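Take a look at the structure set out below.
Nothing here was measured: the structure is a model prediction, and the numbers come from that model. Just the heavy atoms: all of them, side chains too, but no hydrogens, waters or symmetry mates, feed the values below. Within every chain, numbering begins at 1; the chains are lettered A, B, ... in the order of the sequence lines, protein sequences first and strands thereafter.
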Amino acid sequence: MIEERVKPNEITLVSLVVECGFVGALQLGKQLHIYIVRSEICMSLALATALVDMYGKCEEIKNAKEVFDSVKNKDVMIWSAMNAAYARTRCTDQAFDLFVKMRDNGVTPNQVTMTTLISLCAEVGAHDMGKWVHTVIDRQVIEMDTILKTALLEMYAKCGDIDGASKLFREAKDRDIGMWNTMMAGLGMHGCGKEALELLSEIERVGVRPNDITFIGLLHACSHAGLVEEGKLMFEKMVHKFALVPKIEHYGCMVDLLGRAGHLDEAYEIIKNMPIRANAIIWSVLLAACKLHQNAVLGEIAAKQLVYLEPQNCGYNVSMSNIYVMANRWTDVARVRKAMKNKGMKKEPGLSCIEVNGYVHEFIMGDRTHPEIKKVNDMVSDMRNKLKEAGYRADTSAVLKNIDEEEKETALNYHSEKLAMAYGLISTAPGTPIRIVKNLRVCNGCHTATKLLSKIYQRGIIVRDRKRFHHFRNGTCSCGDYW
DNA sequence: CCCGGCACAC
């Protein structure tokens, strides 16, 4: 089109730019941008917004900001698009700064702006900020549409406030299937499987039709609550009562449900008998179950599939090596680790966030860059000593076994959530619950330690890991050690 | 006929 003599009009260009953003075609998007500038087509607000959106979706923040800054009379849409760009890249501070600037410039935020911000709070687990955004919505009398309400509901659920989420859900009069699904998934995430199942009965009564996402949420909820029979029944219901064709995600949930509960052979049967070819996700779910239940035979099958399907993914090689460790096959351990070293692979670093006084602080395992790192490390020492007094012995099995014992214990002491927890303990008032969001799953050692720490420091500690919530209180965890 | 925001899984 660009090469042709006929000049594309603005509408055409907007659509093309939008499409680039949608499929993540950054190079093509950049070419369009250059073409627009060169051909002296008037850069309308619509076109500028489309470009900001495109760059945002491609996570090219610098370019997004350049276009954004070049626009004189910004409307609410372009502000929101820029905000969404920051939100996508999890630039929480920038997103909120921009929001403040937007209001300083006399532009009133609308539902879309607020949805973006709320979703960002949900993503990073910023409960206080999320609540603040909620009050802004109320104060500004921004009309809550279903999407915004759903985003709010999700924020409360993902920030560990399941009661707040339930309250919003109960008060909503315009529940669509998306909102039901959000509520069910939220309950599942908190280990409230029974409550999630009850919602299915309710949805049937009110006559809303569940969809495939509903069942992913429900199966997931069953899985986390150990409701094996109920999960199987759900799968049956989905197929026979609601005539939905199971997708690979549903089979994945079933493998997870069975595997997690220790029915590994049954889980493997599902994989062998399902009409879809297993992907990496399916095998990694099985692998996780094998690790949990110490089944090296099936674990090796799964790990081999993963290394074959995604050779570039170091996590699977790590798992493979751990499987061999479990089976005491040290030559194989050495082989896998050597192969990884040759390919220059590294484990994805653990990362934990904690929100304190409206700021989200990030900690990476072994991190020394936080401005208050010295105080944090002192606190970690204090935690370690108190744990020892309480009779805690570091479980070092989560760390690869070729480092010596002392080093392993140190690595665990500096797992990112311990740093975030230490920061939370020193920077919030006694008794305040500590909320942490981390990118990986909680390891066994940290789980045990956190239970004890909640008792030692008399704090509720709420940890959201890659998959679910753990509410630690007075020496116990809401997951009942089943996760 | 087109500039922006929600729900699932990894």
Please tabulate, one pair per line, all N/O donor-acceptor pairs under 3.5 Å involving side-chain atoms of residues 140-148 of chain A, not counting sequence neighbours.
residue: D145(A); atom: OD1; partner: I147(A); partner atom: N; Å: 3.4
residue: D145(A); atom: OD1; partner: L148(A); partner atom: N; Å: 2.9
residue: T146(A); atom: OG1; partner: D174(A); partner atom: OD2; Å: 2.9

Using a strict 4.0 Å threshold on nitrogen-to-oxygen distance, state whether K194(A) and E198(A) make a salt bridge.
no
Note: contacts of residues 43-71 of chain A with DNA chain B (heavy atom, under 4.0 Å) are A46(A), T49(A), D53(A), K57(A)
Name the one of H447(A), H190(A), H224(A) that satisfies ring-ring contact (aromatic ring centres under 6.0 Å, His included) with H470(A)?
H447(A)
Per side-chain contact (heavy atoms from CB on, under 4.5 Å), H33(A) is matched among N63(A), V17(A), V67(A) by V67(A)
Give every donor-acceptor pair under 3.5 Å between a side-chain atom in residues 263-271 of chain A and any protein atom, sequence neighbours left out.
residue: H263(A); atom: ND1; partner: E266(A); partner atom: OE1; Å: 3.4
residue: E266(A); atom: OE2; partner: K232(A); partner atom: NZ; Å: 2.9
residue: E269(A); atom: OE2; partner: K272(A); partner atom: NZ; Å: 3.4

Would you call E204(A) and K237(A) a salt bridge, taking side-chain N to carboxylate O under 4.0 Å as the test?
yes
Where along residues 250-260 of chain A does a heavy atom fall under 4.0 Å from DNA chain B?
none
Looking at K304(A) and E300(A), does any basic side-chain N land under 4.0 Å from a carboxylate oxygen?
yes
Contact list for DNA chain B against residues 195-219 of chain A - heavy-atom distance below 4.0 Å
N211(A), I213(A), I216(A)
Charged N to carboxylate O under 4.0 angstrom, K57(A) versus D53(A)?
yes
How would you give the extent of chain A contacts on DNA chain B, as first and last nucleotide 5' to 3' within a 4.0 Å heavy-atom cut-off?
dC2(B) to dC10(B)
Expected output is a numbered-order residue list: members of residues 97-112 of chain A with a heavy atom under 4.0 Å from any atom of DNA chain B. What is it?
N110(A), Q111(A), V112(A)
The side-chain hydrogen bond (donor to acceptor under 3.5 Å, both in side chains) partners of Y251(A) (sequence neighbours excluded) come to none
Residues from residues 147-156 of chain A lying under 4.0 Å of DNA chain B - heavy atoms:
I147(A), L148(A), T150(A), E154(A)
Check this for me: does any side-chain nitrogen of one of E236(A) and K241(A) sit under 4.0 Å from a carboxylate oxygen of the other?
no
What's the spacing between W283(A) CH2 and C290(A) SG if we round to 0.5 Å?
9.5 Å
Could you check whether Y86(A) and F96(A) have their ring centres less than 6.0 Å apart?
no
For D161(A), what residues pass the side chain to side chain contact (heavy atoms under 4.5 Å, CB included) criterion, not counting sequence neighbours?
H127(A), Y156(A), D163(A)
Chi angles and distances behind the side chain to side chain donor-acceptor pair (under 3.5 Å) call for S80(A), T113(A)
CA-CA 5 Å; S80(A) 301; T113(A) 328; 3.0 Å; yes
By the 4.0 Å heavy-atom rule, please label N279(A) as base, sugar-phosphate, or nothing.
nothing
Any ion pair linking R435(A) and E355(A) (charged N to carboxylate O, less than 4.0 Å)?
no
Just to verify, what does N73(A) make a side-chain hydrogen bond (donor to acceptor under 3.5 Å, both in side chains) with, not counting sequence neighbours?
none
Taking side chain to side chain contact (heavy atoms under 4.5 Å, CB included) as the test, write out the residues that go with S352(A), two or more places apart.
S416(A), E417(A), A420(A), I436(A), K438(A)
